[in-house]
Amino acid sequence: MRLSKAFIPTVKEIPNDAVIPSHQLMIRAGMVRLLSAGIYSWLPLGYKVMKKVCDIVREEMDAIGGQEFHLPALNPIELWEETGRVKAFGDNLFHVKNRPLVLAPTHEEVICWIAKNHVESYKDMPQIWYQIQTKFRNEPRPRSGVLRGRQFLMKDSYTLDATWEGLDKGYDLHAEAYKKIFTRCGLKFFIVGASSGAMGGSGSQEFMLESDSGEDTIALAEDNSYAANLEIATSLVPKAVRHTESKSLEEIHTPNVKTIDELAAFLKVDHSVLAKSVVYWADKTPVLVLLMGNDELNESKLMSVMGTDVHPIEAESLFGLTGADGGSIGPVGLNGFKIIADKRLEGANGLISGANRNDYHLKNIDLQRDCKIDGYYDLRTVQAGETAPNGAGKLRIVRGIELGHIFKLGTKYSDSLKATYLDEKGEAKPIIMGSYGIGIERIIACHIEQNHDANGIIWDKSIAPYLVHIIAVNMKSEKVVEKAEHLYNQLLEVGIDVLYDDRPTTPGFKFKDADLLGMPLQVIVGEKNLANGKIEVKIRKSGERILVDVDQSLMKVKELLT
RNA sequence: CGGGGCGUAGCGCAGCCCGGUAGCGCGCUUGGUUCGGGACCAAGAGGCCGGGGGUUCAAAUCCCCCCGCCCCGACCA
């Protein structure tokens, strides 16, 4: 491609609305333009990268036996009513105004619909079906450029199996394919155990990339041998002790003590003898959650324990139900509440907690003797510095960007849509499904996040829009133009993607643009070196410059690209 | 949806407090000089100051409403 003819609108200044490097560079390099919040036009240069990423994804999906579909973005709303997801997605689902249609935010329903009608026997499975298509979600807050958009390209695949072993196999195949895809795209990623959330299902892992711009929080062992989304992360922490003797309950006056820290300071005791109470609504049930000391409640964990949405109780409701305020709530003699406790407190005695009476606490609480605990669960949020559950050193807490997510869905959708097959005995069984997504734009943005410098993007060969960027330093020099044109044509002939800066502008301008656009190799054809029969090859990543004999330039470029 | 910021030429911004003919840099056009790290000189084009309403002799500027964009939070299969 000749730059003089190409539509690649580069920008020198940092766009006002872009905050993270990938967003700034994608705009400056003329890859994308914003149309509306979370909605981007992909310009030719950006689209070229997108196609290369899609090719890699396709190759790896095909390699595990995937078959590509092209599915409708417009779906009948009835289909989504049947799985209960009109409600589940809520305002996140785009509705069409003048037809009973929705814009598909994902494609479990359609896949299931097809499977229901055409997968009839266990002999028809396993199947791996995938699609690379635009998905629509009415994100309340699009952000970080293409990282979270209202319309985005996603590779979604679905496994259909007759057995749970089959599901495991399809899941593992995807995990392997995903590792290959992200590695080929030049990304440094890690895999974390994740919550399956409202998708339901038995297991799920996320492919994450460490980045301060990420929206997820990850706990990582020092050697990365343990990695989990904070939503489910655990750690090795000491439990509260059980003393042999359980003293009798005693009320203590604790005026104006509201927080655990204040309580510990006031009573001059260790945090580990304090049981913190936090109160939530789980749907319409008030739930008292007991945590040790100042442990932080993990709402995701609470949600999966309760199996429903949870939110903190309002101060007024709490007072109405207990007669006390937040700082003085405790598990003893509390009626009408479900009471659950963190595993750390299991069986403990000698604890101090609120007396359900303002400015009073109870001491010598024995959870077995004095309370009716409805269950002990892992409910706390891990903290940086705690020991990883596998003992591999201390945990780091980092931010991450989710690149891909793999789910063992099970039969959630096949149950509700009655997608069944007949097994060997002729019995109808629900098809067992898995669901596996990859955000295509995220691969691109993340690649730039991990591969850029102050001057611009540094593309990996695998997804670079062009492999070689020829710079004719001075278009007024016949020699320069002749050599540059010659090399350009040679590269085109051998099928190497090449961008040729033949614009009649100044050298500095061309060099800056070349670094900004970030092709792996720059070939600089200038009068000075040409006088000695040389051209210069600059490696974008290292900045290394190599002088090459003119007649060997094609060979050298080919060599450097392998 | 809560909190904050911003909206003036294609882009980046000043002007707004304190009302009085809309400015700077970059980019763009034409001509000339340049030609190895975003050149120089000269001449130009380009704006309903996000939209609507109000106050005023007069509004980019003051007041009210709306819209859009960005950030933090909530939310995020």
Side-chain angles (χ1 to χ4, degrees), chain A residues 9-20 23-24 27-28 30 33-39 80 83-93 104-109 135-145 147-150 152 154 156 158 194-201 204 206 213-217 229 231 299-300 303 309 311-312 401-402 405-407 409 412-413 435-437 439 454-456 471-477 480-481 501 503-517 522 524-531 534-536 538 543 545 547:
Chain A
T10 57
V11 187
K12 184 160 70 174
E13 271 154 319
I14 297 171
N16 166 346
D17 287 342
V19 175
I20 66 171
H23 188 197
Q24 296 175 345
I27 292 171
R28 288 191 53 212
R33 285 295 182 268
L34 179 83
L35 181 62
S36 178
I39 304 175
W80 287 77
T83 54
R85 290 174 104 197
V86 172
K87 188 159 173 258
F89 267 97
D91 196 44
N92 248 341
L93 185 67
T106 171
H107 280 82
E108 280 83 5
E109 276 77 0
K135 314 269 170 168
F136 301 86
R137 290 182 198 177
N138 186 22
E139 292 293 344
R141 180 150 99 80
R143 71 187 95 176
S144 306
L147 281 179
R148 178 168 290 276
R150 294 211 165 109
F152 55 97
M154 189 159 160
D156 241 344
Y158 305 91
S195 155
S196 23
M199 283 287 277
S204 111
E206 289 168 335
S213 310
E215 299 179 299
D216 290 275
T217 309
N229 197 304
E231 291 172 350
E299 288 191 11
S300 303
M303 206 185 304
D309 266 356
H311 63 272
I401 298 171
E402 181 185 347
H405 201 159
I406 54 180
F407 275 101
L409 271 186
K412 176 174 166 144
Y413 297 93
S435 159
Y436 318 85
N455 296 316
I471 296 170
V473 174
N474 182 351
M475 291 303 287
K476 291 228 170 104
S477 158
V480 166
V481 172
D501 194 343
R503 294 173 301 179
T505 184
T506 54
F509 202 92
K510 295 188 175 191
F511 292 134
K512 289 290 186 187
D513 257 0
D515 284 349
L516 172 62
L517 295 178
Q522 295 173 12
I524 301 159
V525 185
E527 280 176 305
K528 279 184 194 169
N529 287 320
L530 226 43
K534 306 275 189 189
I535 55 116
E536 182 182 322
K538 176 181 159 184
R545 294 164 188 275
L547 284 180

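For the numbers below, each heavy atom of this structure counts, side chains included, while hydrogens, waters and symmetry mates do not. Convention: sequence-line order gives letters A, B, ...; per-chain numbering from 1.
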Report task. Using atom NZ of Lys12(A) as one end and atom C1' of C26(B) as the other, report the distance to the nearest whole Å. Result -> 6 Å

Query raised in the report: Rounded to the Å, how far apart are Arg503(A) CZ and A39(B) P?
Result: 12 Å

Requested in this report: Could you state the atom-to-atom distance from NE2 of His23(A) to P of C69(B) in whole Å?
Outcome: 12 Å

Query - Close side-chain approach of Ile20(A) and Arg143(A), heavy atoms under 4.5 Å - result: no

Requested in this report: Could you check whether Asp17(A) gets within reach of a base, just the sugar-phosphate, or nothing at all, counting any heavy atom under 4.0 Å?
Outcome: sugar-phosphate

Requested in this report: Report yes if at least one side-chain N or O of Arg141(A) is closer than 4.0 Å to OP1 or OP2 of C72(B); otherwise report no.
Outcome: yes

Query raised in the report: With a 4.5 Å heavy-atom cut-off, do Lys12(A) and Leu516(A) have their side chains touching?
Result: no

Query raised in the report: Nearest nucleotide by nearest heavy atom, which residue falls closer to the 5' end of RNA chain B, Phe89(A) or Lys538(A)?
Result: Lys538(A)

Query - Glu108(A) versus Ser435(A), side-chain donor and acceptor atoms under 3.5 Å - result: yes

Query raised in the report: Phosphate oxygens OP1/OP2 of C69(B): is one of them under 4.0 Å from a side-chain N or O of Ser36(A)?
Result: yes

Query raised in the report: Under 4.0 angstrom, heavy atoms only, what part of the nucleic acid is Asp91(A) near: base, sugar-phosphate, or nothing?
Result: nothing

Report task. Take the protein atom CZ of Phe509(A) and the nucleotide atom P of G38(B), then report the distance between them rounded to whole Å. Result -> 11 Å

Query raised in the report: Any side-chain heavy atom of Ile524(A) sitting closer than 4.5 Å to one from Arg545(A)?
Result: yes

Report task. Check whether any side-chain N or O of Asn16(A) sits under 4.0 Å from OP1 or OP2 of C13(B), and answer yes or no. Result -> yes

Query raised in the report: What's the NZ-P distance between Lys528(A) and G37(B), to the nearest Å?
Result: 7 Å

Report task. Could you state the atom-to-atom distance from CG of Leu517(A) to P of G37(B) in whole Å? Result -> 19 Å

Query raised in the report: In terms of the nearest nucleotide of RNA chain B, which residue is placed more toward the 5' end: Pro142(A) or Arg148(A)?
Result: Pro142(A)

Query raised in the report: When the distance from CE of Met475(A) to P of C35(B) is rounded to whole Å, what number comes out?
Result: 16 Å

